[in-house]
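Report on the structure given below.
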Amino acid sequence: MPVTTATAHRPELRRNDYSLGEEQADVQAAFAELFARECPSSRVREAEPLGHDEGLWRSLVRTGAATMGLPEALGGGGAAPLDLVLVAEAAGRHVAPVPLTEASTALRLLAAAAPDVARTWIGGALEDGRFPTLALHPVAPDGARQLVPAGAVTGAVVALTGGDLVLYEGEPAPLVANQGRAPVAWWSPPSGGGAVLAEGDRARSLYAAAVREWKLLTAAALSGIGEGALALGLDFVKDRTAFDTPIGAFQAISHALADAHTGVVGARNLARKAAWFAGNEPDARPELVPMAFAYAAQAATKAVTVATHVQGGFGFTVESDVQLYFRRAKGWSVLAGDPRAELSAIGDLLADRVEG
């Protein structure tokens, strides 16, 4: 996102300008092309019900997508949060059946907590199809199970347990069937324990930052889902006619599509703004991430609903590609729980800022 410089040390966001800089535009274009080429709807369908395409995952690893957010000293690309958001948008735009958000977030957490441990995953393990994921909730005192994204395709889980950040390694757990076709699984810490990466306040801080990042990237993916669904709806209403007129010319349809599109663009821009602050002024606007996550869930749900309705009866059939987007917008948005819970988090963060 373009910036101006108020001082020699503090970049300022042009708050009403969401155009991309040259390098960011290149990232966006490169991954838009990659997913358009490598992830047609037929491949998404073939990856069901597990929701994971190992071949696509290996292709992304070869491009460096999974490690682009890691420090260059660890062999990563040193990408900023905004770059990761752009990739997540492209993945959502094509409902890519790979746990890129989970792997990227967990790897960045490992890099921040224990660089030597992170280094062991880069290269061989990733190329062999192995990667870590993140438990989105702290482990309960009684070790009660929780649903973990990507838990059905990886047994390596980073979790906060009793104030410690711990890496547990094991085998993937059985898939929990879900309408979003996400590879989620019930998980609880194995009896053998795991490797402690960080302790105390440092562990809690690193973990909270990782969960925020997962929500930010998921918000970006949801905005991409909304964009992809509306594109399908638009193509349909341009080709289908009634009374010798494309049905997209009718206000009941065109206004609904335009309204949904406005919401998706707003969700996309809010996620990008949150990413800019995360990369440049991480302590300035912490409420932007829960705002982006909650609003993206709402905007994506509306977009896929409108895209389904404008296709009429066809939109409700499994032959329609829009149902791929509808189910994932509904399913991906609740992987961390009810997104409406973010409203309380927003209120708490705003109250803390006022009191501070």
For residues 334-342, which side-chain N or O atoms pair as donor and acceptor with protein atoms under 3.5 Å away, sequence neighbours left out?
residue: D338; atom: OD1; partner: R340; partner atom: N; Å: 2.9
residue: D338; atom: OD1; partner: R340; partner atom: NE; Å: 3.2
residue: D338; atom: OD2; partner: R340; partner atom: NE; Å: 3.0
residue: D338; atom: OD2; partner: R340; partner atom: NH2; Å: 2.8
residue: E342; atom: OE2; partner: K215; partner atom: NZ; Å: 2.8

Output side-chain donor-acceptor pairs under 3.5 Å for residues 165-174, partner residues at least two apart or in another chain, one line each.
residue: Y168; atom: OH; partner: T161; partner atom: OG1; Å: 2.8
residue: E169; atom: OE1; partner: R130; partner atom: NH2; Å: 3.2

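More than 12 heavy atoms of other residues, nucleotides or ligands lie within 6.0 Å of NE2 in H52, so this atom counts as buried by the packing criterion. Counting non-hydrogen atoms of neighbouring residues, nucleotides and ligands closer than 6.0 angstrom, the CG atom of D142 exceeds 12 such neighbours. In E48, the CD atom is crowded: over 12 heavy atoms of neighbouring residues, nucleotides or ligands sit closer than 6.0 Å.
V44 is not listed as a side-chain neighbour of H94, based on a closest heavy-atom distance of 4.5 Å or more.
Classification of R108 and E213 as a salt-bridged pair holds, one side-chain N sitting under 4.0 Å from a carboxylate O.
Take H137 and apply the ring-ring contact (aromatic ring centres under 6.0 Å, His included) test, not counting sequence neighbours, and it matches no residue. Residues satisfying the salt bridge (Lys or Arg N to Asp or Glu O under 4.0 Å) test with R45, not counting sequence neighbours, are D321.
In the hydrophobic clustering (ILVMFWY side chains linked at under 4.5 Å, chained through shared members), L230 is joined by L234, F236, V237, F243, I247, F250, I253, L257, V264, V306, V310, F314.
Cluster annotation: W186 and V153 are assigned to the same hydrophobic cluster (Ile/Leu/Val/Met/Phe/Trp/Tyr, side-chain heavy-atom contacts under 4.5 Å, transitive). Connection of V148 to W214 is not established within any shared hydrophobic cluster, with ILVMFWY side chains joined at heavy-atom distances below 4.5 Å, either directly or through further cluster members. L217 and V184 fall within a single hydrophobic cluster, where Ile, Leu, Val, Met, Phe, Trp and Tyr are joined by side-chain heavy atoms under 4.5 Å apart, directly or via other members.
Residue pairs satisfying the ring-ring contact (aromatic ring centres under 6.0 Å, His included) criterion with at least one member in residues 97-134, sequence neighbours excluded, are listed as follows: W57-F131.
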